[in-house]
There are 2 protein chains.
Amino acid sequence: MPAEVEPICPTFMLNKCTHCDARGSGVCEAVPEDGLTRLSAAATALSFEPAQRFITEGDKAEHFFVINAGTAKLLKMLPDGRQQIVSFCGPGDFLGLSVFSLYSYGAEAVEPVRLCRFSRFTLRCLMTDFPAMERRLLKSATFELTLAQEQMLLLGRKNARERLASFLIARARATGTCPARGRPAVPPQVALPMNRTDIGDFLGLRIETVSRTMTALKTDGIIEILPRCGVIIRDFDALESLAACI
Amino acid sequence: MPAEVEPICPTFMLNKCTHCDARGSGVCEAVPEDGLTRLSAAATALSFEPAQRFITEGDKAEHFFVINAGTAKLLKMLPDGRQQIVSFCGPGDFLGLSVFSLYSYGAEAVEPVRLCRFSRFTLRCLMTDFPAMERRLLKSATFELTLAQEQMLLLGRKNARERLASFLIARARATGTCPARGRPAVPPQVALPMNRTDIGDFLGLRIETVSRTMTALKTDGIIEILPRCGVIIRDFDALESLAACI
DNA sequence: CGTGCTTTTGAAAATCATCAAGTATAGTGG
DNA sequence: CCACTATACTTGATGATTTTCAAAAGCACG
């Protein structure tokens, strides 16, 4: 099903990781230059179209993934079909860690996704040989945990308006559209590759509520809704205070 | 403010960790026998009474903590006072990891808590010398992340009844009152050291809703409410199907 | 220029929050 | 030992926010 983007070709693989877009941002940055050959050989490059699933919740967790390009969503489902998106992932993000042997969430491409797949065994070997990689993974997991806790605060205690505001500001910061701290110089244009349903499933809201709340923010002059999946933040301060100090 | 339970006494410290209640369950289990002297010397034993705070959200993160006994809550606050408990911690649990240099959550004792405190620097040295400890921390963080994602599903997509059911079952499993998989032989008696407000702050509900929902579960014969902070699960299957497959 | 999909908008219903009061329980001091 | 107080918990009535159901509007694509 998934397209093998590049054939397993040692000569090509030799410097694949050195030219990777995610080199320097993801966990792979922890592997020193002289280990890249091994890293390249261990990786299987794959690509997925929107809505294609590459992790099924509950399946045996045999692989790890590092996103090179595009956006994916991680989601958990209830038996009756309700679903919660626990994270949107982009370039450099690492997926697939689990304490038990089963994936605790599913993963689907939102935008076209390119990623590298590693076997559980391979990663274990790499971690043993490159302790910096394990340290990098711990840092990554800790960061994810911090985000998850922030999201719990959002889901448990914020109203629809505050949730949307938090989401837009988090997106603007995560995509580098505006600085991590302080206010941006120009109105940030935030890309939203996911549809309204996905935003709702991430924020614990129904699609209608997302739509209504977006319209309300627009009406108040806080944001501008772009025709093709995006918004411009017109009043950053207002949005930030709505987000209630994310 | 916090009581120093045990004086810093090398002779006593020598085998303190060997006799620790949390030895074998927490991250300390990753330290081999011959490293326990160093671990003991690095630890400061502290104890806290209910409602005492030992981590303040936003403070400089200079310490790590391992709970030895009791229950603590980790919480995030909004400027207007709304709060969300992101986790209840018990013996063996590890607190204080953060990617940035500030604590992203506060921590308070729910029951009387005994814990060991380590400096950030000390832990770094221990991790360097005992790689198993770093591996154990990664496992721990990964597990926490899994729990956090389960909680996101609860907060984003479950109703009050399902939230309470999930909470009671998770508690029963976490405290070993009933097996991690399958149904218990006898009706599990679940201790709830936290008050209704805390349960509400954990489940994203108001205290009145928690109370009403508890009463409803009792009325339906699913649980029995014990006078002193606890419940007995009378109909485990009903509660589990309510929890919607946690 | 239809067709199918996503998004928006409207009206009614449901759930949970809020406000308010009452009950139980534990701890305190006479 | 018992009244008294403080705190936690429960219950009731009302209200607000969000969901649900339904339909219309926008947009992309063949």
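Each chain gets a letter, A, B and so on, in the order the sequences are listed, and its residues count up from 1.
Counting to the nearest Å, the C1' atom of dA24(C) and the CG atom of N195(B) are 15 Å from each other. Across the protein-nucleic acid pair, E162(B) atom CD and dC16(C) atom P stand 9 Å apart, rounded to whole Å. Atoms CZ (R196(A)) and C1' (dC5(C)) sit 14 Å apart, rounded to a whole Å. For the pair K218(A) NZ and dG26(D) P, the interatomic distance rounds to 11 Å; values are reported in whole Å. Atom C1' of nucleotide dT18(D) and atom NZ of K158(A) are separated by 18 Å, given to the nearest angstrom. The distance from atom CE of M214(A) to atom C1' of dT6(C) is 13 Å, rounded to the nearest whole Å. Atom CG of N159(A) and atom P of dT19(D) are 11 Å apart (whole Å). The CZ atom of R206(A) sits 15 Å away from the P atom of dT8(C) (whole-angstrom rounding).
Using a 4.5 Å heavy-atom threshold, the side chains of D201(B) and K73(B) count as separate.
Remark on DNA chain C: of its neighbouring residues M194(A) and R157(A), the 5'-side contact belongs to M194(A), judged by nearest-heavy-atom nucleotide. Between T215(B) and A160(A), it is T215(B) whose nearest contact on DNA chain D lies nearer the 5' terminus.
When the shell of 6.0 Å around CZ of R161(A) is examined, it contains more than 12 heavy atoms from other residues, nucleotides or ligands.
Residues I225(B) and V231(B) approach most closely at CA-CG1, 4.3 Å, considering heavy atoms.
Nucleic acid contact for G200(A): none, since no nucleic acid atom lies under 4.0 Å from a heavy atom of the residue.
Contact check, T209(B) against dA17(C): a side-chain N or O comes under 4.0 Å of OP1 or OP2. For the OP1/OP2 pair of dT11(D) and a distance below 4.0 Å, the side-chain nitrogens and oxygens of R212(B) include no atom meeting the criterion. An OP1 or OP2 oxygen of dT9(C) is reached within less than 4.0 angstrom by no side-chain nitrogen or oxygen of S211(A).
Residue I233(A) holds its CD1 atom at 8.0 Å from OG1 of T177(A), rounded to the nearest 0.5 Å.
Between F64(B) and F94(B), the angle of the ring planes stays under 30°, which puts this pair in the parallel group of the 30/60° scheme.
Here the side chain of L205(B) is nearest to one of dA22(D), dA17(C), dA20(C), namely dA17(C). Side-chain proximity of E208(A) to the nucleotides dT20(D), dC9(D), dA20(C) is greatest for dT20(D).
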